[in-house]
Amino acid sequence: MKLLSTQIGYFRFMFKNIAANIIGKFWSVLSNYLFIPVYISLLGIENYAVISFSFILIGVMSVMDAGLTATLSREFAKHDEESSSNRKLRMLNTFEACYWCIAVIAIVIIFVFAGSIAKEWISLKSLSVGEVTIALQIFGAGMAFQLLGNFYIGGLIGLEHQLKANLYQIIWGVFRNGLVLLVILVKPSLILFFSWQAIITLLYVLFLRYALTNTLKKKAGISLHSFVFDKSLLIASRKFVGGMLLISFVAAINTQLDKIAISKLLPITELGYYNLGISLTQVLLVLVAPISIALLPRFTLLYSTSKNDEAGKLFNVVQLIVAILIFSIAGNIMVYSRELLFVWTGDAKLALLSSKYVLYLAIGTGMLALQVIPFNIAIANGYTKINNVLGISSLFISVPGYWLSVLYFGPTGAAITWCIIQSLTTPIYLYYIKKKFLKKQGYLEMLATQILKPAVAALATAFLLSLLLPQISNRILQLLLIGFSTFVTLIFATFISIPLNDLNSYWLMARNKVIHRRI
C-alpha cells in the first residue's frame, strides 16, 4: 500500500498557495502587533476601545453576507461538468448584485442607529456622543466596503489565485492600517481615523472587482462590458446559502456576545483591555488560516470528484500538524501572557490588566482553531447541519452565560464562559464530522493521536520551560526567550506526536521527492 504519495502531490501543488497565505497572515499578525500600541498611544485607551467596539459591529453585520462569499468560493473551486468559466462569471454577476444591495443596507442601518449606540449602549467617559456617532457612521461605510472586499477575495481564493489575493490584502493593510498613522499623527481623531480607512477600502474594493472579473472574462472569452444576472443560480444555491446564513448568524452571536455584554454592562475602557487579550490569542486562528484557505478548494475538488479516501488521508496529515502548531503556540501564550503583552505594548499596567483574561481566551480560541480544518470538510461537501445544530444549542449556554458572568465577574467571567463553550463544542463537532465524512479511522483513535498527544506534549513542555528558563526584564531579551521556548516546544511536540517514519516522509516530501513504503 502506498503511503502519502497522493498527499505529496497535493502538497506540492498547494505549497505556493500555503506559502502565500502564510505571508499574508504573517503581515496581518505583524500589522496588528505593530499598530495597536501606536493607536493606543496616539488616540488613548477610550478611543481604542471604540475601535474595538467597531470590531463587534463587523462581526454582527457580517451575517448580512448571507453565505454568498462561501458559496461563491465553493462554486469557483469546483472542477465538474457544470463549473465552466461562463457559469462562474454568471454566478459572480448574480451574487455581487445582491451583495452591493446588502452593502447599501448595512450602511443605512449603521447610519440610522449610530446615535443610539453611542448614547444608549456605550458607556463613554471623556468622548462626546456626537463625535462617536459621526465616527460610527463613517465606520459603517468602511465596514460595508470591507465586506464587499471579502466577497471578491473569496472568489480569487476559490479560483486558487491565492498569491494575488494575499498580495492585494497586504497592500490594502499597509494603506488602511499603516498610513492612517500619518493622519492621526497630525490630528488624533476617531472621525479622521475611520474616514481614511473607508476611502482606502472603497478604492481596494473597486480594484478587486476589476481583478476578479477580468480573470474570469479572459477564461470565458467574454467582453469586459457583459453583465449577466441569473436568478436560477440563486435558486440552485439556496440550500447551501441558507445553511451558511444560519451559521453566520449563530457564529456572530456566539463570537461577539462576550464583547457585547462587556460594552453594555461595563465602562468601554474594559472592552479595550479585554480586546488586547483577544488580539494576543487570535494568533492561534491566524496560524490555521493559511492552511485552511489553501485546503478548502482542494477538499472541494476531491469530494466533487468522489476522491473521498484521498481527502480523508489529507485531512489526517493536516489536522495533526495544525494541532501541534496550536498547542505549541497556545502553551507559550498561556505561561508568558503578561510578558508578551508587556513586550508588545511597553505598558506594564496594560499588560497586567489584560493578561488575567489570556489563559481562558487562549484555551477557548485554541479549541475553536481545531474546528477549522473539519469545517473545511463540511463546507466542501455542502454540509451545514451540524454547525447549525451545535451553534444553536450553544446559544442556550452563551446568551445567559455571558450576560450573567459579566454582570457578576466582569470580563474574567466572559473569558471563562468562552473557554467552557468552545471546550464543550469542539469534541462534539469533531465526532460528527468524523462519523459522516472520515470513516476509516475511529473517533477515539483520532482524538488520542491528533489532539490529546500533541496537547499533552506541547503544554507540558511549555510549562516546564517556564520554570527552568530565567526571568528577564529587558523586553527584547524577553521576546527572544519566549521565541526560544516556543521553538523548543514545537520541536518536542512534533517528535512526540508524529512517528519517525512519517517525519522522514514529510522531509522527503518537502524536498519534492515522492516515496513509497509498504505497511
Side-chain angles (χ1 to χ4, degrees), residues 36 39-64 102-147 180 183-184 187-199 201 249 252-279 350 353-354 357 398-411 413-414 417:
I36 286 179
Y39 295 160
I40 295 172
S41 175
L42 294 176
L43 297 173
I45 187 65
E46 190 171 17
N47 276 313
Y48 170 70
V50 175
I51 296 172
S52 298
F53 181 79
S54 72
F55 300 154
I56 301 176
L57 295 179
I58 291 176
V60 173
M61 298 300 287
S62 64
V63 171
M64 297 183 70
I102 289 169
V104 172
I105 293 170
I107 292 172
V108 171
I109 289 173
I110 296 296
F111 187 85
V112 171
F113 290 101
S116 299
I117 292 171
K119 184 178 180 180
E120 305 294 338
W121 191 272
I122 303 175
S123 301
L124 299 172
K125 288 185 177 180
S126 59
L127 295 176
S128 71
V129 171
E131 180 185 1
V132 174
T133 298
I134 296 172
L136 289 177
Q137 288 172 338
I138 297 169
F139 158 77
M143 177 199 67
F145 301 148
Q146 184 175 338
L147 293 177
V180 72
V183 177
I184 59 176
K187 185 179 180 181
S189 165
L190 270 180
I191 294 174
L192 290 177
F193 179 88
F194 286 129
S195 296
W196 173 270
Q197 292 197 331
I199 293 169
T201 305
F249 177 75
I253 297 175
N254 279 326
T255 57
Q256 302 300 325
L257 196 56
D258 56 339
K259 297 178 279 294
I260 292 173
I262 292 170
S263 68
K264 176 60 178 176
L265 299 174
L266 302 174
I268 193 66
T269 50
E270 291 296 328
L271 179 62
Y273 299 133
Y274 185 80
N275 196 66
L276 277 176
I278 291 176
S279 297
L350 277 177
L353 291 172
S354 298
Y357 314 128
S398 63
V399 173
Y402 282 125
W403 213 258
L404 292 173
S405 63
V406 171
L407 188 63
Y408 289 103
F409 303 105
T417 304

(request) Check whether any side-chain heavy atom of L127 sits under 4.5 Å from a side-chain heavy atom of I122, and report yes or no. (result) no
(request) Find out whether I260 and Y402 are in side-chain contact, i.e. whether some heavy atom of one side chain is under 4.5 Å from a heavy atom of the other. (result) no
Review item, side-chain donor-acceptor pairs of residues 109-117, under 3.5 Å, at least two apart:
none

(message) Testing the basics here: between S405 and T417, what is the closest heavy-atom pair and its distance to 0.1 Å?
(response) OG-OG1, 3.2 Å
(request) Please round to the nearest 0.5 Å and tell me the distance separating atom CG of L190 and atom CG of L136. (result) 8.0 Å
(request) State the CZ-OG1 distance between F194 and T201, to the nearest 0.5 angstrom. (result) 11.5 Å
(message) To the closest 0.5 Å, what do you measure between CG (L407) and CG (L266)?
(response) 8.5 Å
(request) Could you pull out all residues at least two apart from P267 that satisfy side chain to side chain contact (heavy atoms under 4.5 Å, CB included)? (result) K125, T269, E270
(request) Search all heavy atoms of V129 against all heavy atoms of A118 and return the closest pair with its distance. (result) O-CB, 3.9 Å
(message) Suppose we screen for side chain to side chain contact (heavy atoms under 4.5 Å, CB included). Which residues come up paired with L192, at least two apart in sequence or across chains?
(response) V183, K187, S189
(message) Minimum heavy-atom separation for V406 and A414, please, with both atom names.
(response) CG2-CB, 3.6 Å
(request) Taking all heavy atoms of A103 and all of A144, pick out the closest pair and write down the distance. (result) O-CB, 3.5 Å
(message) I'd like to check the side chain to side chain contact (heavy atoms under 4.5 Å, CB included) partners of L353; sequence neighbours left out, ordered by chain and number.
(response) Y273, K349, K356
(request) Quick one: pull up CH2 in W121 and CZ in F53 and give me the separation to the nearest 0.5 Å. (result) 7.5 Å
(message) If the condition is side chain to side chain contact (heavy atoms under 4.5 Å, CB included), which residues does S52 pass it with, not counting sequence neighbours?
(response) Y48, L271, N275
(message) Donor-acceptor pair, distance only, cut-off 3.5 Å: does the side chain of K264 make one with the backbone of E120?
(response) yes
(request) Hey, could you give me the CD1/CD1 distance between I138 and I107, rounded to the nearest 0.5 Å? (result) 12.0 Å
(request) Among residues two or more places apart or on two chains, list those pairs meeting side-chain hydrogen bond (donor to acceptor under 3.5 Å, both in side chains) that have a residue in residues 131-147. (result) Q146-R176
(request) Check whether any side-chain heavy atom of D258 lies under 4.5 Å from a side-chain heavy atom of Y274, and answer yes or no. (result) yes
(request) To the nearest 0.5 angstrom, please state how far the CD1 atom of I40 sits from the CG atom of L276. (result) 4.5 Å
(request) List the steps, then state whether side-chain contact (heavy atoms from CB on, under 4.5 Å) holds for W403 with L265. (result) CA-CA 8 Å; W403 213 258; L265 299 174; 4.1 Å; yes
(request) Taking the side chain as every heavy atom from C-beta outward, state whether L147 and I102 have any pair of such atoms under 4.5 Å apart. (result) no
